[in-house]
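Here the structure is a predicted model, which is why all the values come from computation and not from measurement.
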Amino acid sequence: MGHGNSIVLADANFPAEGLGPRCIRADGSDTTAILRAVLSVMPLDTYADDPAICMEVVGDPQLIPDAVADFQATIDAIGDAPSNIKSVERFAFYDLARSAFAVVQTGEKRLYGNIILTKGVIE
């Protein structure tokens with residue numbers, strides 16, 4: 001991945017194989033664990049308006065799922081450039097995921113346990 005590319009960290013229900021980007025399986029892990037691992041080696045893009053994006057809850061876009069709250073706490077705690085997670089509508093999220101470099105599909109069982117990260121510059 002290069003600067004500006006994105007990666008999707010997805011839950012077990014995400015349609016990863018059918019979207020197009022290469023799919024990396026991490027069935028024995030949850031998304032928060034993979035997020036911690038990715039953020040330990042990959043900075044978020046400080047030039048992107050929204051370097052971390054999640055999916056809105058269908059029918060209740062203001063609701064923050066437990067998984068997303070965990071993602072935000074993880075980004076705040078260990079991200080090199082903490083950023084607020086932006087939520088987008090379900091099909092808009094799928095469209096963004098189609099253009100990602102890769103999808104890492106985890107065994108995450110919590111609903112809405114998906115996040116798209118945009119890679120920053122490694123210094």
Side-chain angles (χ1 to χ4, degrees):
M1 284 179 59
H3 172 249
N5 286 139
S6 61
I7 187 167
V8 180
L9 310 181
D11 65 26
N13 293 302
F14 192 77
E17 298 284 349
L19 287 179
R22 71 197 89 213
C23 181
I24 301 162
R25 303 297 302 210
D27 298 312
S29 300
D30 62 57
T31 308
T32 302
I34 298 297
L35 176 61
R36 278 193 300 274
V38 168
L39 290 177
S40 75
V41 296
M42 187 191 92
L44 294 176
D45 191 343
T46 57
Y47 297 105
D49 290 335
D50 301 302
I53 299 173
C54 285
M55 185 186 299
E56 288 179 350
V57 174
V58 175
D60 193 357
Q62 301 307 315
L63 183 68
I64 299 173
D66 291 341
V68 175
D70 284 349
F71 299 163
Q72 187 66 67
T74 301
I75 289 170
D76 291 344
I78 67 170
D80 67 310
S83 174
N84 289 328
I85 297 172
K86 177 183 179 181
S87 293
V88 297
E89 185 272 336
R90 175 182 171 203
F91 293 104
F93 188 91
Y94 291 151
D95 287 342
L96 291 170
R98 281 184 184 88
S99 65
F101 180 84
V103 176
V104 178
Q105 183 143 41
T106 71
E108 178 69 63
K109 293 183 179 164
R110 294 178 295 176
L111 299 179
Y112 299 96
N114 311 297
I115 188 167
I116 299 173
L117 305 172
T118 303
K119 182 182 179 195
V121 174
I122 296 173
E123 296 180 25

Does Ile24 share a hydrophobic cluster with Val38, counting links as ILVMFWY side-chain heavy atoms below 4.5 Å and allowing steps through other members?
-> yes
Among pairs that include at least one residue of residues 38-59, which meet salt bridge (charged side-chain N to carboxylate O under 4.0 Å, His left out), considering only residues two or more places apart or in two chains?
-> Asp50-Lys86
With Ile85 via side-chain contact (heavy atoms from CB on, under 4.5 Å) - residues at least two apart | Ala52, Cys54, Val68, Phe71, Gln72, Ile75, Ile115
Taking it one step at a time, do Thr106 and Thr31 satisfy side-chain hydrogen bond (donor to acceptor under 3.5 Å, both in side chains)?
-> CA-CA 6 Å; Thr106 71; Thr31 308; 3.0 Å; yes
Shortest non-hydrogen contact from Thr118 to Gly4?
-> CG2-O, 3.7 Å
Main-chain N/O of Phe101 paired with Arg22 side-chain donor or acceptor, under 3.5 Å | yes
Heavy-atom side-chain contact between Ser40 and Ile78 under 4.5 Å | no
How long is the gap from OG on Ser29 to CZ on Arg36, to the nearest 0.5 Å?
-> 10.0 Å
Hey, any chance Phe93 and Leu9 share a hydrophobic cluster, counting ILVMFWY side chains that come within less than 4.5 Å of each other, even indirectly?
-> no
Which heavy-atom pair separates Val41 from Ile122 by the least distance, and what is that distance?
-> O-CD1, 4.1 Å
Applying side chain to side chain contact (heavy atoms under 4.5 Å, CB included), run through Leu117 and Leu35 and close with a yes or a no.
-> CA-CA 9 Å; Leu117 305 172; Leu35 176 61; 3.6 Å; yes
In chain order, what residues pass the side-chain contact (heavy atoms from CB on, under 4.5 Å) check against Ala37, with sequence neighbours excluded?
-> none
Closest non-hydrogen contact found for Val58 with Arg90 is CG2-CD, 4.0 Å
So, does Tyr112 use its side chain to make a donor-acceptor pair with the main chain of Asp66 at under 3.5 Å?
-> no
Connected via hydrophobic side-chain network under 4.5 Å: Ile53 and Leu19 = yes
Using distance only, find each side-chain donor-acceptor pair of residues 10-18 under 3.5 Å and give its atom names and separation, not counting sequence neighbours.
residue: Asp11; atom: OD1; partner: Asn13; partner atom: N; Å: 3.0
residue: Asp11; atom: OD1; partner: Phe14; partner atom: N; Å: 3.0
residue: Asp11; atom: OD2; partner: Gly113; partner atom: N; Å: 3.2
residue: Asp11; atom: OD2; partner: Asn114; partner atom: ND2; Å: 3.4

Considering residues at least two apart in sequence or located in another chain, which fulfil the side-chain contact (heavy atoms from CB on, under 4.5 Å) criterion with Asp60?
-> Val57, Gln62, Leu63
If Ile, Leu, Val, Met, Phe, Trp and Tyr residues are connected whenever their side-chain heavy atoms lie under 4.5 Å apart, and connections chain through other members, are Tyr94 and Val104 in the same group?
-> no
With sequence neighbours left out, what residues match Asp70 under side-chain contact (heavy atoms from CB on, under 4.5 Å)?
-> Thr32, Arg110
For Met42 and Met1, run side chain to side chain contact (heavy atoms under 4.5 Å, CB included): C-alpha distance rounded to whole Å, both residues' side-chain angles, the deciding distance at 0.1 Å, then the answer.
-> CA-CA 10 Å; Met42 187 191 92; Met1 284 179 59; 4.0 Å; yes
Do the side chains of Leu111 and Val8 join up, straight or via other hydrophobic residues, at under 4.5 Å, putting them in one cluster?
-> yes
